Every structure is written in structure tokens, then in C-alpha cells.
Amino acid sequence: MLNNIGLPGLLLIAVVVLVLFGRGKISSLMGEVGKGITAFKKGVKDSTDELEDGSATAARDVTPEAEKDKA
């Protein structure tokens, strides 16, 4: 359905959006979208780092508890 929009169609959509919302509203909206994307990427990176740290800690000590007590 959207495969045949083309450049003229996209330009028409952009002009209509610009007329409806105005330049200031669109620029503030895009700023908020950018902040949201940045926060999402930071959250993904933090959770990935946390998972890697947890798995590295678990991988360090693999000695069974019974053998730890004997040593």
C-alpha cells in the first residue's frame, strides 16, 4: 500500500504536517523524540552492562560449596 508514495507524496505530507502543527511545535517534538531515543539507548546499554557484570561474577566462582568448606 505504501510502496508507491514516492518523493512528491512525501513532500506533500511534510507540507501538510508543517502547516497543521507549525515549525516551533515540530522542532520541539523532534527534540523530545531525540531525547527519548537517547534515553532508550542508555537504558539498553545499562541493562546489557548489568547482565554482563552479573554473568561475569557468576562465572568467576564455580567451586561447589562443599569443596569451599574443606579448603
Side-chain angles (χ1 to χ4, degrees):
M1 180 177 151
L2 297 177
N3 293 338
N4 57 358
I5 288 178
L7 186 60
L10 290 175
L11 289 174
L12 179 64
I13 292 171
V15 167
V16 169
V17 168
L18 185 61
V19 167
L20 288 176
F21 295 108
R23 196 177 91 204
K25 186 80 168 183
I26 292 174
S27 67
S28 67
L29 178 67
M30 290 298 114
E32 293 298 320
V33 168
K35 288 177 187 176
I37 291 171
T38 302
F40 178 77
K41 286 182 179 180
K42 184 180 182 292
V44 168
K45 183 182 180 310
D46 289 347
S47 65
T48 303
D49 292 344
E50 185 178 318
L51 287 173
E52 287 175 355
D53 290 345
S55 64
T57 303
R60 282 188 202 134
D61 190 11
V62 293
T63 308
E65 291 293 326
E67 291 183 21
K68 286 183 187 177
D69 295 336
K70 291 179 186 178

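Treat the numbers as computed from the prediction; the structure is a model and nothing was measured. Starting from 1, each residue takes its place in the sequence as its number.
Tracing side-chain contacts under 4.5 Å through hydrophobic residues (I, L, V, M, F, W, Y), one never reaches L7 starting from V15; they form parts of separate clusters. V16 and V19 fall into different hydrophobic clusters, where Ile, Leu, Val, Met, Phe, Trp and Tyr residues are linked whenever their side-chain heavy atoms come under 4.5 Å apart, directly or through other members.
Pairing each heavy atom of L18 with each of I26, the nearest pair is CA-CD1, 3.7 Å.
Among pairs with a residue in residues 27-45, those fulfilling salt bridge (Lys or Arg N to Asp or Glu O under 4.0 Å) read E32-K35, K42-D46, K45-D49, at least two apart in sequence or across chains. Pairs of residues two or more places apart, or lying in two chains, never qualify as salt bridge (Lys or Arg N to Asp or Glu O under 4.0 Å) while including a residue from residues 19-30.
To the nearest 0.5 Å, atom CD1 of residue I5 and atom CG of residue L12 are 10.5 Å apart.
Here V44 pairs with F40, T48 under the side-chain contact (heavy atoms from CB on, under 4.5 Å) rule; sequence neighbours left out.
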